[in-house]
Amino acid sequence: MTTSSGAQDLEDTLSTPTSDEVAVMDAWWRANNYLTVGQIYLLDNPLLREPLSSDHIKPRLLGHWGTSPGLAFVYVHASRLIQRTSQQAIYLAGPGHGGPALVAAGYLEGSYTETYPQVTQDGVGMRRLFRQFSAPGGIPSHVSVPTPGSIHEGGELGYVLVHAFGAVMDNPNLLALAVVGDGEAETGPLEGSWKGISFLNPERDGAVLPILHLNGAKIAGPTVLARKDPAEVRALFEGHGYDVLEVEGEDLPGMHYRFAGALARAWTAIRRIQDEARSGSWDGSRPRWPLIVLRTPKGWTGPDVVDGVQVAGTWRAHQVPLSGVKGDEAHLGLLEDWMRSYRPEELFDETGAPREVVARANPEGVLRMSATPHANGGLLTRDLELPDLRSYAVPVTAPGSSRAESTRKLGEMMRDVYAANDDRFRLFCPDETNSNRLGAVFEVTDRAFAERTTPDDVSLSRDGRVMEVLSEHNCHGWLEGYTLTGRHGWFATYEAFAMVSASQTIQHGKWLQEAAHLPWRAKIPSLNILLTSTAWRNDHNGFSHQGPGLIQNVITQRGNVGRVYFPPDANCLLSVADHCFRSRSYVNLVVIDKQPQLQWLSIDDAVEHCARGAGVWTWAGTDDGESDPDIVLACAGDVVTMETVAAAQILRERLPALRTRVVNVVDLMALPRPTDHPHGMEDTLFRELFTDHVDVVFAFHGYPGAIHQLVHGRPDADRFRVRGFIEEGTTTTPFDMVVLNRASRFHLVIDAINNARRTPAGAAELKTWCHQRLAEHEAYVVEHLEDMPDIRDWTLNEG
Ligand SMILES: Cc1ncc(C[n+]2csc(CCOP(=O)(O)OP(=O)(O)O)c2C)c(N)n1
């Protein structure tokens, strides 16, 4: 690679800060450290205008000191880089427990006061800043949603790089600075996330600069990478494809000069890679992106030895290095010495405002990392250009008379969404796009891949924009980073393995939940998750592939962020997907299998049915709609819907005197009361569907307990008899799956008879017949290794 002389000059200037620049950075850093300590310890006397007394100390000392000085050190150096280069940058703190440092950064940059005007840049505001931290009615201890500039709370460690990579995809001008904790680097998700560069395209994507912060310790012990021979660490990351730059020490100002040098090298390397790619002189090989390994002591600049024990540089510095300060004169004295060591009088003027020497470190306006719109992605969101969902409709002449692979239709829709939105839509999928029948997207784009390709590869190129990596953590985290910075996407995964990233779904849901309370946070595109290859149709893969657990997680979340949809066929899927593409700030779970399945509703009926969320399928039952039925057969989920409609047919044909009503639920969150979820249907509608006293046999795709949880508080909720996935399964036939879980059409018929308000003549005989059919099935599948033809090829014969 060649370096132009202009670029070399810039690198030289960047890598050799003047003593004035170092003084400014050091002042800002000291101010930040001072504010961090103040947030952890002080209730009052924020500027130390009087000697510290125990009255000034918080009753509960909460927060994490150890990581904070390192985070602030990197931050101020990044700010200088931004000042010099106007680089758009976003800062992600992997060790998000360093919250006070990032809150202090926003405060020093002025954006905190712009966001929260009561936290003024003076003594009064500083007192508020200190008191609110980790306090009831105040702000959380991490780099959480209320922190301006944050898209990454870092509470659950492991996701900093996935968020960073997601943020820069299709975001060519953005640099994501991602500080990785050395403890965090021990987590599975983080270990897998270094591979992000194998999917990055310098021509159209931005860059991630990982800064591995080896401060040596985690909560209670050393970290693996910090205790390794540095040569091994270097080899590890070189093996991942990075160009490793190392900075080590605690000497000042030496560290400022050395880190500035490393950052300058890293940044110019990134720009060189991008300039080459964007000017057409790139040979297409995967660039060696820079990575900085920063070795500083944990708790750098904090108390060295406390009560005769070494604290700085050890795990003891992780949280609150001086404990019991309120009642311990010696510790109080140490705290005062510590805070005064930053020379606050040099940093804050008589009013308490940051002095010029501090403020000069701040970039301007939206270039301040705490004010970047990339961290408030809704501000940048542009709606998707969406095709007309009707153009993908499956013709349905009669319900249940023909089969189609529903997700294939969604794939066609996604293909056209890709084509119309080549800068703001991506599909993320752990190696299953084709398997999940979404392969139509490959008609317009490839899988993204920055590593070597061979002639045998199909739909794989550096220009591809379908994100396939065999890591649910990467897929989920990339999509989160992508949507948090304002773009749209879907994560499509086998249902069972959505549990791999379930914790991420939960954490993102929490983020959205909190963001909903902050008017300044603009709504972002929803996190859309397609759960396919579902439990019921993983008869070929077996028990390990059968697990609908994510549904349970999402419905259990607090508040109104989670939505769970069970489109029973292709047209309903199209309608639900169209809604998800447009929606904002939700977690949308869409559950539907990929195998050929019966189609029920025309596109017009599907749109109407999905808009209502639930409705009576009059053509399936024998209910006259005037008086109450004897039994309600309800269903949510594609396979169990088929079983329900089949059960209703059996009852219609073999026990016509029993009045049945079939209710299909697409929007699961229509079931709870409106006070419990915004989608909850009004009581009158609930009664129209389910009556208020007739028993309901509910066939559910997921675990039965979910329905009981959701209808809690509805009239006579005990009348709901739920069949669902009860952890019975194996490698067997599709129908055997519903039989094993006692949710087959025959089980539903027996349940209906057992719970109906009337028992018409012939009911006992029909139950006997059902038992016989089940016995027949058991014998047949063992003998023939497939389902009985009348089950396998069943279609609805409208009576
Ligand atoms: C997934 C996860 N496991 C455990 C924790 C509890 N925890 C909080 S901080 C921490 C140590 C972090 O060490 P490191 O990443 O090195 O950060 P630093 O030393 O910079 O504080 C642990 C284990 C967590 N937050 N997330």
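As the structure lists them, so they are numbered: ligands from 1, and atoms in each ligand from 1. Nothing here was measured: the structure is a model prediction, and the numbers come from that model.
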[atom]: nearest protein contact (heavy atom, Å):
| atom | result |
| --- | --- |
| atom 21 (O) of ligand 1 | His97 NE2, 2.6 Å |
| atom 15 (O) of ligand 1 | Glu184 N, 2.8 Å |
| atom 18 (P) of ligand 1 | Lys298 NZ, 3.5 Å |
| atom 7 (N) of ligand 1 | Ile219 CD1, 3.6 Å |
| atom 14 (P) of ligand 1 | Gly183 N, 3.3 Å |
| atom 20 (O) of ligand 1 | Thr67 OG1, 2.7 Å |
| atom 4 (C) of ligand 1 | Leu157 CD1, 4.6 Å |
| atom 11 (C) of ligand 1 | Lys218 CB, 3.6 Å |

**Centroid-centroid under 6.0 Å between Phe259 and Phe73 rings** = yes
**Item:** Trp29/His256 aromatic ring centres below 6.0 Å
**Value:** yes
**Prompt:** Can we say Glu153 and Lys510 salt-bridge, meaning some charged N sits less than 4.0 Å from an Asp/Glu carboxylate O?
**Reply:** no
Would you please classify the geometry between the [Y] ring and the [X] ring as parallel, tilted or perpendicular, with 30° and 60° separating the classes?
| X | Y | result |
| --- | --- | --- |
| His545 | Tyr494 | tilted |
| Tyr34 | Phe348 | tilted |
| Trp194 | Phe237 | perpendicular |
| Tyr116 | Tyr112 | tilted |

**Prompt:** Where's the contact between His64 and ligand 1, heavy-atom distance under 4.0 Å: side chain, backbone, both or neither?
**Reply:** neither
**Asked** If you measure from each non-hydrogen atom of Asp182 to ligand 1, which part falls under 4.0 Å: side chain, backbone, both or neither?
**Response** both
**Contact with ligand 1 for Gly155, non-hydrogen, under 4.0 angstrom** = yes
**Asked** For Ala217, is the nearest heavy atom under 4.0 Å from an atom of ligand 1?
**Response** yes
**Message:** Distance under 4.0 Å to a non-hydrogen atom of His318: what atoms of ligand 1 satisfy this?
**Reply:** 9 (S), 11 (C), 21 (O)
**Complete:** If we number the atoms of ligand 1 from 1 as shown, the ones under 4.0 Å from a heavy atom of Gly181 are 15 (O), 16 (O)
**Request:** Report yes or no: is the cationic atom of Arg563 (NZ for Lys, CZ for Arg) under 6.0 Å from the centre of the six-membered ring of Tyr586, at an angle within 45° of the ring normal?
**Result:** yes
**Request:** Show your reasoning for whether ring pair (Phe, Tyr, Trp, His ring centres under 6.0 Å) applies to Phe199 and Trp478.
**Result:** CA-CA 11 Å; Phe199 300 85; Trp478 289 347; 5.2 Å; yes
